[in-house]
Amino acid sequence: MAANVGLSTPRGSGTSGYVQRNLSHLKPRDNIQPYPKDVDSIKHRQRQPDKEILEHDRKREIEVKVFELRDRLEHQGVDEDEIDEQCDALRKTLESSKATRGLDTRSLKSHQVHELAKAKIEEDQRLRKALGIRDDYEEGSHWEKQKERKLE
């Protein structure tokens, strides 16, 4: 028995007498409320995408394709001026096509949170338009109108 911990003798206990910490024990937290008391914080707020990050990713994707073209042309032994002209032309066509094209949610990865948020907002807007839901509609406002009718 080391430092007064464990069994005085392991005989008859069915154990070897080796003492381990319980690493799965969770210590209780102080005054944590399971649910927020404020009604406004309960309301769902959709994640807003960062426009700067979206723009950066779009430009990066274009530059990757331009660099791939440049690398391919350099391996073919094309003249440097011709490479610059073809790269500029490709950059212009990609910028014009990327500006008009929307996001495809099937091609997005889970780490692309800003793209996913933007795609979700666009999907919600299409659904609202299809169902005829106003932009100023708030969830649960139907029940408030029913309460007001009952009180009248």
Side-chain angles (χ1 to χ4, degrees), residues 1-8 10 12-73 84-152:
M1 181 166 87
N4 208 15
V5 176
L7 303 172
S8 58
S13 67
T15 66
S16 66
Y18 185 74
V19 179
Q20 291 181 338
R21 281 184 22 211
N22 184 1
L23 297 176
S24 64
H25 176 69
L26 298 175
K27 295 179 182 176
R29 296 184 178 181
D30 298 334
N31 293 333
I32 298 292
Q33 301 288 331
Y35 300 104
K37 302 287 184 188
D38 187 18
V39 177
D40 293 332
S41 66
I42 297 172
K43 184 178 174 183
H44 173 71
R45 281 173 268 143
Q46 194 167 29
R47 176 191 298 244
Q48 296 298 317
D50 189 351
K51 293 181 185 351
E52 292 177 4
I53 292 176
L54 291 174
E55 183 66 19
H56 173 78
D57 288 344
R58 185 185 70 81
K59 288 180 180 178
R60 184 179 185 280
E61 186 178 336
I62 290 172
E63 289 302 318
V64 165
K65 290 181 181 178
V66 169
F67 182 76
E68 289 172 353
L69 174 69
R70 178 177 290 278
D71 191 41
R72 192 173 347 111
L73 292 174
D84 290 338
E85 290 174 10
Q86 288 186 14
C87 288
D88 290 340
L90 177 66
R91 186 178 291 117
K92 288 177 184 174
T93 57
L94 288 175
E95 285 177 356
S96 64
S97 67
K98 292 279 183 185
T100 59
R101 192 174 57 119
L103 288 173
D104 183 20
T105 56
R106 293 173 294 205
S107 65
L108 295 176
K109 308 284 189 281
S110 62
H111 63 85
Q112 296 174 307
V113 292
H114 295 278
E115 289 87 350
L116 287 170
K118 182 179 179 187
K120 179 64 176 167
I121 289 172
E122 291 172 357
E123 179 186 352
D124 288 347
Q125 288 174 347
R126 283 195 309 271
L127 184 63
R128 281 179 175 269
K129 186 177 180 182
L131 295 176
I133 300 173
R134 297 184 320 255
D135 288 336
D136 61 342
Y137 175 78
E138 289 188 26
E139 187 176 330
S141 63
H142 173 73
W143 303 112
E144 293 172 8
K145 290 177 184 176
Q146 279 189 343
K147 286 181 182 178
E148 290 173 4
R149 286 186 200 139
K150 284 183 180 180
L151 291 175
E152 290 176 355

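- In this view, Gln48 satisfies the side-chain hydrogen bond (donor to acceptor under 3.5 Å, both in side chains) rule with no residue, not counting sequence neighbours.
- Considering only residues two or more places apart in sequence or on other chains, Asp84 meets the side-chain hydrogen bond (donor to acceptor under 3.5 Å, both in side chains) condition with Arg70.
- The structure places CG of Leu94 at 9.5 Å from CD of Glu63, a figure rounded to the nearest 0.5 Å.
- Note: Arg126 CZ to Leu131 CG = 12.5 Å, rounded to the nearest 0.5 Å.
- For the side-chain contact (heavy atoms from CB on, under 4.5 Å) test, no residue two or more places apart in sequence or in another chain qualifies with Glu148.
- Other residues, nucleotides and ligands place more than 12 heavy atoms under 6.0 Å from the OH atom of Tyr137.
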>> Does His114 form a side-chain contact (heavy atoms from CB on, under 4.5 Å) with Lys118? I'd like the steps, not just the answer.
In response: CA-CA 6 Å; His114 295 278; Lys118 182 179 179 187; over 6 Å; no

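- Residues meeting the side-chain hydrogen bond (donor to acceptor under 3.5 Å, both in side chains) test with Glu55, sequence neighbours left out: Arg58.
- Taking Glu152 as the reference, nothing meets the side-chain contact (heavy atoms from CB on, under 4.5 Å) condition, with sequence neighbours excluded.
- Taking NZ of Lys147 as the start and CG of Leu151 as the end, the distance is 9.0 Å to the nearest 0.5 Å.
- Rounded to the nearest 0.5 angstrom, Cys87 SG and Asp71 CG are separated by 10.0 Å.
- Counting heavy atoms from C-beta on, the side chains of Lys65 and Glu61 come closer than 4.5 Å.
- Listed by chain and number, the residues in a side-chain contact (heavy atoms from CB on, under 4.5 Å) with Arg21 are Leu23 (sequence neighbours excluded).
- In this structure Gln86 satisfies the side-chain contact (heavy atoms from CB on, under 4.5 Å) test together with Leu69, Leu73, Glu82, sequence neighbours excluded.
- Under the salt bridge (charged side-chain N to carboxylate O under 4.0 Å, His left out) criterion, Asp88 pairs with Arg91, sequence neighbours left out.
- Legend: residues meeting salt bridge (charged side-chain N to carboxylate O under 4.0 Å, His left out) with Asp136, ordered by chain and number and at least two apart, are Arg134.
- Under the rule for a salt bridge (charged side-chain N to carboxylate O under 4.0 Å, His left out), Asp50 has no partner lying at least two apart in sequence or in another chain.
- Note on Lys120 versus Asp124: salt bridge recorded, some NZ/NE/NH1/NH2 to OD/OE distance being below 4.0 Å.
- For Arg60, the salt bridge (charged side-chain N to carboxylate O under 4.0 Å, His left out) test picks out no residue, with sequence neighbours left out.
- Listed here is the closest heavy atom pair of Val66 and Leu90: CA-CD2, 4.0 Å.
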